[in-house]
Amino acid sequence: MDVSVNYLAVILGAVASMAVGSIWYAPSVFGKTWQKLIGLTDKDLSKDWVPSIIKASLMSLITAYMLFHMTFLSNQYFNNSWMSASLSTAFWAWLGFVVTSHITNDSFERRNFKLTALGLGHHLVEFLAIAIVIGVIGK
């Protein structure tokens, strides 16, 4: 079976991912809380941020591509609606891969659970935003 990827959906899904991150970590939303929990100052955040944005953009593209790919397979296997396949794939991928990895790593790193929860919440909203884009324009 060939997976037919809609690259516009992937790119726009990555843009949605970056938009969610920008809003989620804005100082007026969760940015100040995250900054306090992680122990970074405004000065720390103001230097060398370009490589981080480039890496985050690349990771967003990979995430959107993988969610599209898995949505295609889910849709083909379960024969459900494209939007349903997209949203369920995003949720189960988040739960099965992100939550498990995040909690395991954060436990060994002795991270504050508030920081873990903040990251998990971000990734859930991010995955669902990508899924909505894929669900609307993907097929």
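In this text the structure is predicted, and so the values were computed from the model without any measurement. In this chain, numbering begins with 1 at the start of the sequence shown.
- For W92, the side-chain contact (heavy atoms from CB on, under 4.5 Å) partners two or more places apart in sequence, or in a different chain, are S88, L95.
- With sequence neighbours excluded, the residues forming a side-chain contact (heavy atoms from CB on, under 4.5 Å) with S107 are I103, listed by chain and number.
- Sorted by first and then second residue, the ring-ring contact (aromatic ring centres under 6.0 Å, His included) pairs with a member in residues 32-57 read Y25-W34; sequence neighbours excluded.
- Shown here are the side chain to side chain donor-acceptor pair (under 3.5 Å) partners of S17, two or more places apart in sequence or in another chain: S60, E126.
- Both I137 and I130 belong to a common hydrophobic cluster when Ile, Leu, Val, Met, Phe, Trp and Tyr are linked at side-chain heavy-atom distances under 4.5 angstrom.
- Side chain of S74 to main chain of M70: no donor-acceptor pair is present (N/O by atom type, distance under 3.5 Å, no hydrogens or angles).
- When hydrophobic clusters are built by joining Ile, Leu, Val, Met, Phe, Trp and Tyr residues whose side-chain heavy atoms come closer than 4.5 Å, directly or via intermediates, V133 is grouped together with I11.
- Side-chain atoms of T100 come within 3.5 Å of backbone atoms of F97 as a donor-acceptor pair (strictly under, hydrogens ignored).
- Atoms CG and CG, from L87 and N80 in turn, are 10.5 Å apart once rounded to the nearest 0.5 Å.
- The ring-ring contact (aromatic ring centres under 6.0 Å, His included) check on F127 picks up nothing, with sequence neighbours excluded.
- I62 pairs by the side-chain contact (heavy atoms from CB on, under 4.5 Å) definition with L58, M59, M66, not counting sequence neighbours.
- Linking Ile, Leu, Val, Met, Phe, Trp and Tyr residues whenever their side-chain heavy atoms come within less than 4.5 Å places V125 and L118 in a single cluster.
- Rounding to the nearest 0.5 angstrom, the gap separating the CG atom in L124 from the CG atom in L120 is 9.0 Å.
- Under the 3.5 Å distance criterion, the side-chain polar atoms of D106 are left unmatched by any main-chain donor or acceptor of F113.
- In this structure, the ring-ring contact (aromatic ring centres under 6.0 Å, His included) partners of F91, at least two apart in sequence or on a different chain, are W94.
- Residues passing the salt bridge (Lys or Arg N to Asp or Glu O under 4.0 Å) test with K32 are D42, sequence neighbours excluded.
- Taken to the nearest 0.5 Å, the OG atom of S86 stands 10.0 Å off from the CG atom of N75.
- With hydrogens and angles ignored, the 3.5 Å screen pairs no side-chain donor or acceptor of T104 with any backbone N or O of S101.
- Residue pairs meeting the salt bridge (Lys or Arg N to Asp or Glu O under 4.0 Å) criterion with at least one partner in residues 46-60, sequence neighbours excluded, are absent.
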Intermediate values then yes/no, side chain to side chain contact (heavy atoms under 4.5 Å, CB included), I134 and W82
CA-CA 8 Å; I134 290 170; W82 186 255; 3.8 Å; yes

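- Y77 shares a hydrophobic cluster with F78; the chain of contacts runs through ILVMFWY side chains whose heavy atoms sit under 4.5 Å apart.
- By the ring-ring contact (aromatic ring centres under 6.0 Å, His included) test, F30 pairs with W24, sequence neighbours left out.
- With sequence neighbours left out, the side-chain contact (heavy atoms from CB on, under 4.5 Å) criterion links A26 to S28, V29.
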